[in-house]
Amino acid sequence: MPDLLAKFDPLIEQRAALLEGGVTDPFNLVMEKVESPTVAICNGRRTILLGTYNYMGMTFDPDVVSAGQKALEDFGSGTTGSRVLNGTYSGHKAVEQALKEFYAMEHAMVFSTGYQANLGIISTVAGKDDYIILDIDSHASIYDGCALGNAQIVPFRHNDVEALEKRLKRLPPEAGKLVVLEGVYSMLGDVAPLNEMIAVSKANGAMVLVDEAHSMGFIGEHGRGVAEAQGVIDDVDFIIGTFSKSVGTVGGFCVSNHPKFEILRLVCRPYVFTASLPPSVVATAATSIRKLMNSADKRAHLWENSKRLHAGLRQLGFTLGTDEPQSAIIAVIMPDLETGAAMWEALLQEGLYVNLARPPATPAGMTLLRCSLCALHSEEQVGEILGMFAAAGRATGCIS
Ligand SMILES: Cc1ncc(COP(=O)(O)O)c(C=O)c1O
C-alpha cells in the first residue's frame, strides 16, 4: 500500500536533523503559565513574549476577562450550532454592532476565525468567470480562499503598483474583478501602498478587499488600519479582520458598506457550515473592540516600542525586513534555517520568545526571527530585549 504520508519525508528529515543538534523544537514550545500579555513561563523560566500578535495587550484586560466570565455563566460554554441555525446569540449581534461602530461601516459579519473569513468572503464574492488579482505574498488564508472558489487567479509582484495595473489592464473590461490586498504584510511587517493600489483598482473596474489583520487597533487615527491611515478606507469594498491579534481572543470578520452584503450570510459556506463562536469569546471580543476605540495612548506607546526596537536592532548590526519601522512587526533576517534556529534557541535561553518563520510562510525563501511588539511592553522590557539580542547574536556569530 503506498504510504500517503511519504511525500512529507524530506520535511521529516529536515526537522530531525535540526533537533539532533539538541535545540528545542521551535514549532512546539509550551507556555506553561502565561503571567501577562508580555511574560510567560516556558521550560520553567520567565520568558518575555516578543512573538505573539497581542499587539494591544488585551488578553488580560480586567473588563475583557470579566465579560467573558459573565457570558460563560449566563450562556454556557458553546452554541453547538451554525450562525444560521441555533448559533446566533445576542452576543454575536453585539460584537457585530461593536465592529460596525469601530469601522463606521454598515455591515459586519463574524466568522469563527480570520482564516475562515478570508476563505468565505473570497470564495463567495469572486465566482466562476470572475478574476482575483492578488499580491504574491498574500497570507495562506487568502490563497486558500482562492482555491475554494472558482475564479481565475492573477498574482502580481509584492507591493508593486505598476504590476497590479498591468495585470488589471490585461483582463476583459466587462469581467468581475476582486483585488485582494493586505494592510500590513505579516512576515516582514511592511505596509502596502493602499492609496495607489486602490486608485488603480477602481480606475480599472475592480472591487477591493483589504485584510487588515495586523493593523487593526494600532494603525490609523481610530485603529481601523492602513486604509484609514492612507485616507482610502471609504474606497475599500470589504475589510477582513481577526479577533486573534489586537482584539486578543479568537474569531474573524468582514465589514462592508455594500448594500447587498447581508445576503452573504446565506451563501458563504465557511459561515454557514460551521459552529459559531462561543458566547464567552464574542463577549470578550465586543468588550475589547469597544476599548480599542479609545486607545490612542496605547497606540502611541506601541509606536514608540516599535521605533526603539527597530533602531536598537539595527545598531547592533542585524539585518531587518524594513528600513524603517512600519508596523508592530520587526523581522530580523537570518542567513539560513540552521543559523535562525540556533539564534532562536539562544534567545529562548536568554529568556526571550520570538517567532521563527521559514518558507513557505516567508517570502523569497527567507528565514526570519519575527518580533511582534505589544503596547504593554515597557521601555525597560524593550531594553532587556535588546540586551538579549546582543548576547544571543554574539554567541551564535550573527553579529560581531
Ligand atoms: C494576514 C492574515 N490574515 C488572516 C489571518 C488568520 O487569522 P486567524 O488567526 O483569526 O485565523 C492571519 C493570521 O495569522 C493573517 O496573518
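Just so you know, ligand 1 is whichever comes first in the structure, and atom 1 is the first atom listed for that ligand. Keep in mind that the numbers below use all heavy atoms, side chains included, and drop hydrogens, waters and symmetry copies.
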- Message: Tell me the nearest of Tyr53, Phe253, Tyr115 to atom 11 (O) of ligand 1, using heavy-atom distances.
- Response: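 That would be Tyr115.
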- Message: Can you check which of His214, His139, Gln116 brings a heavy atom nearest to atom 12 (C) of ligand 1?
- Response: His139
With a 4.0 Å cut-off on heavy atoms, is [X] in contact with ligand 1?
X: Lys245; value: yes
X: Ser141; value: yes
X: Gly251; value: yes

- Message: Given Tyr55, which partner from the list His214, Lys245, Lys298, Arg299 fulfils the side-chain hydrogen bond (donor to acceptor under 3.5 Å, both in side chains) test?
- Response: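 It is His214, the one option of His214, Lys245, Lys298, Arg299 that forms the side-chain hydrogen bond (donor to acceptor under 3.5 Å, both in side chains) with Tyr55.
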Considering only heavy atoms of [X], which atoms of ligand 1 have at least one such atom less than 4.0 Å away?
X: Ser244; value: 8 (P), 9 (O), 10 (O)
X: Thr242; value: 7 (O), 8 (P), 10 (O)
X: Thr113; value: 10 (O), 11 (O)

- Query: Which is it for Glu262 and His107 under the side-chain hydrogen bond (donor to acceptor under 3.5 Å, both in side chains) test, yes or no, and what are the steps along the way?
  - Reply: CA-CA 7 Å; Glu262 293 297 325; His107 306 283; 2.9 Å; yes
- Message: Any nitrogen or oxygen of Gly114, side chain or backbone, less than 3.5 Å from one on ligand 1?
- Response: yes
- Task: Please indicate whether any nitrogen or oxygen in Glu182 is less than 3.5 Å from any nitrogen or oxygen in ligand 1.
- Result: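 Among all N and O atoms of Glu182, none is under 3.5 Å from an N or O of ligand 1.
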- Task: For Glu101, look at atom CD and say whether over 12 heavy atoms of other residues, nucleotides or ligands are found less than 6.0 Å away.
- Result: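 Yes, CD of Glu101 has more than 12 neighbouring heavy atoms, counting only those of other groups under 6.0 Å.
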- Message: Would you say CG of Asp9 has more than 12 non-hydrogen atoms from neighbouring residues, nucleotides or ligands within 6.0 angstrom?
- Response: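 Atom CG in Asp9 is packed in, count exceeds 12.
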- Query: If we only count heavy atoms from C-beta on, is the Val354 to Met388 side-chain gap below 4.5 Å?
  - Reply: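 With C-beta onward as the side chain, the pair stays apart.
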- Query: Does any pair with a residue in residues 340-361 pass side-chain hydrogen bond (donor to acceptor under 3.5 Å, both in side chains), and if so which ones, sequence neighbours excluded?
  - Reply: Gln14-Arg358, Thr24-Glu345, Glu345-Gln349, Tyr353-Asn355, Asn355-Arg370
- Item | For Arg157, salt bridge (charged side-chain N to carboxylate O under 4.0 Å, His left out) partners two or more places apart | Asp160
